[in-house]
Chemist: 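The structure follows.
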2 protein chains.
Amino acid sequence: MNKFPAQLKKIRKEQNTTQDDLASQLFVTRQAISKWESGDSTPDLNNLIKLTDIFNVSLDTLVFGAEHETKVDTSEFVFDPKHNRYVRRLGKMNFWDFLSGYWWAVLAIAFIIGFFSIF
Amino acid sequence: MNKFPAQLKKIRKEQNTTQDDLASQLFVTRQAISKWESGDSTPDLNNLIKLTDIFNVSLDTLVFGAEHETKVDTSEFVFDPKHNRYVRRLGKMNFWDFLSGYWWAVLAIAFIIGFFSIF
DNA sequence: ATTATTACGAAACCATTAGTTGCGCAAATT
DNA sequence: AATTTGCGCAACTAATGGTTTCGTAATAAT
């Protein structure tokens, strides 16, 4: 449900920053960060918002985890930023969408296979 | 930046529920809700999460509003101006994803091209 | 080797503040 | 006109977010 402590640690490590460094950016002590990551305390909304700015992630990612976003079938759903949620796309469209991006590769493979199929 | 107080009031009104009613769902007093909406205080993360459950909105919508440009994981998603939405990034991995899903189509095209290239 | 330095955790304490209690007051309902 | 509904405000307190202080393990430096 609330994955904030683990998320904070994970994201912080990913950005290769220390608790000390993060603390100075938030104008809190290093130990405060430690408590957040160990689940001993929870930052107030202001600091939560600051964290989203520093790490450039959404609030939902910060407290629910990235799985919240990747849990959906991304070949079936696309992210609609306007409504901040995933919406279903037309399944048959996917093939042509991908084809429009990779027609050159398909053609290349086709020609290679086609060339050898002569013999 | 932080539009939570206004957002809460707005969303609550949209769902046609009263401060009293909302309070009982959160097991807090009616006055607590009043303070949240007037910006006199801010709910802790637990109550924020409960609010997202009750209203069925994202945390970002709740504190930033729907108009807010939501942060998207740009390593996973890129904005496609053609379709005016975020789509899964077309990277090296996706090509193989595509190929594994549509190898039959590639083969078909290959054979067609190969067939005609005989003449 | 041993002395810093880096990176973090844990306990005790304090100060802020989230949430409660109590009062009041319009605007609908009855 | 009396009651109910819906909400805001001031004073209080109980909870807790953040600090201070102490400790430890792991590297890096001398």
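Every chain is numbered from 1 and lettered A, B, ... according to where its sequence line falls, protein lines coming before strand lines. Given the structure is predicted, the values throughout are model-derived calculations rather than measurements.
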Chemist: Please list, in numerical order, the residues of residues 36-45 of chain A that have a heavy atom closer than 4.0 Å to any atom of DNA chain C.
Modeler: none
Chemist: Could a donor-acceptor pair under 3.5 angstrom be found where the side chain of A:R30 meets the base of D:dG18?
Modeler: no
Chemist: Rounded to the Å, how far apart are A:D21 CG and C:dA7 P?
Modeler: 9 Å
Chemist: For A:L22 and D:dG18, give me the distance from atom CG to atom C1', rounded to whole Å.
Modeler: 14 Å
Chemist: Checking A:R12 against A:E37 for the side-chain contact (heavy atoms from CB on, under 4.5 Å) test, could you report, in this order, the C-alpha distance in whole Å, the side-chain angles of both residues, the deciding distance, and whether it holds?
Modeler: CA-CA 10 Å; A:R12 178 176 63 79; A:E37 291 186 357; 2.5 Å; yes
Chemist: Contact class for B:Q31 vs. all strands (heavy atom < 4.0 Å): base, sugar-phosphate, or nothing?
Modeler: base
Chemist: Nearest of D:dG6, D:dT19, C:dT20 to any side-chain atom of B:T18?
Modeler: D:dG6
Chemist: Suppose the criterion is side chain to side chain donor-acceptor pair (under 3.5 Å): which pairs have a residue in residues 22-35 of chain A, not counting sequence neighbours?
Modeler: none
Chemist: Rounded to whole angstrom units, what separation is found between the CG atom of A:D20 and the P atom of D:dT27?
Modeler: 18 Å
Chemist: Rounded to the nearest angstrom, tell me the gap between atom CG in A:L8 and atom P in C:dA7.
Modeler: 16 Å
Chemist: Using OP1 and OP2 only, check whether a side-chain N or O of A:K13 sits under 4.0 Å from C:dC8.
Modeler: yes
Chemist: Going by heavy atoms in the side chains, are B:L22 and B:W36 under 4.5 Å from each other?
Modeler: no
Chemist: B:N47 side chain N/O closer than 4.0 Å to the phosphate oxygens (OP1, OP2) of C:dG19?
Modeler: yes
Chemist: Nearest 0.5 Å please: distance from the CZ atom of A:F55 over to the OG1 atom of A:T61.
Modeler: 12.5 Å
Chemist: Both B:K9 and A:V28 contact DNA chain D. Which one's nearest nucleotide lies toward the 5' end?
Modeler: B:K9
Chemist: Do other residues, nucleotides or ligands put more than 12 heavy atoms under 6.0 Å from B:D53 CG?
Modeler: yes
Chemist: Rounded to the nearest 0.5 Å, what separation is found between the CG atom of B:L45 and the CG atom of A:L48?
Modeler: 5.5 Å
Chemist: Starting at CD1 of B:I33 and ending at P of D:dT5, how long is that distance when rounded to a whole Å?
Modeler: 18 Å
Chemist: Of the candidate nucleotides C:dG9, D:dG8, D:dC7, which contains the atom at the shortest distance from the side chain of B:S34?
Modeler: D:dG8
Chemist: Mark yes or no for a side-chain to base donor-acceptor pair under 3.5 Å between B:K35 and C:dG19, with no hydrogen or angle criteria applied.
Modeler: yes
Chemist: Write down the atom of B:A32, the atom of B:S41, and the distance for their closest heavy-atom approach.
Modeler: O-OG, 4.5 Å
Chemist: What is the distance, to the nearest angstrom, from the CZ atom on A:F4 to the P atom on D:dG17?
Modeler: 11 Å
Chemist: Kindly work out whether a path of hydrophobic side-chain contacts (I/L/V/M/F/W/Y, heavy atoms less than 4.5 Å apart) joins A:I54 to A:F27.
Modeler: no
Chemist: If you compare every side-chain N and O of A:Q19 against the phosphate oxygens of C:dG9 (OP1, OP2), does one of them come in below 4.0 Å?
Modeler: yes
Chemist: Check the distance between C:dG19's P and B:K50's NZ and give it to me in whole angstrom.
Modeler: 10 Å
Chemist: Identify which nucleotide among C:dC8, D:dT20, C:dG19 has an atom closest to any side-chain atom of A:T29, counting heavy atoms from C-beta outward.
Modeler: D:dT20
Chemist: Nearest-Å distance, CZ (B:R12) to C1' (D:dC7)?
Modeler: 9 Å
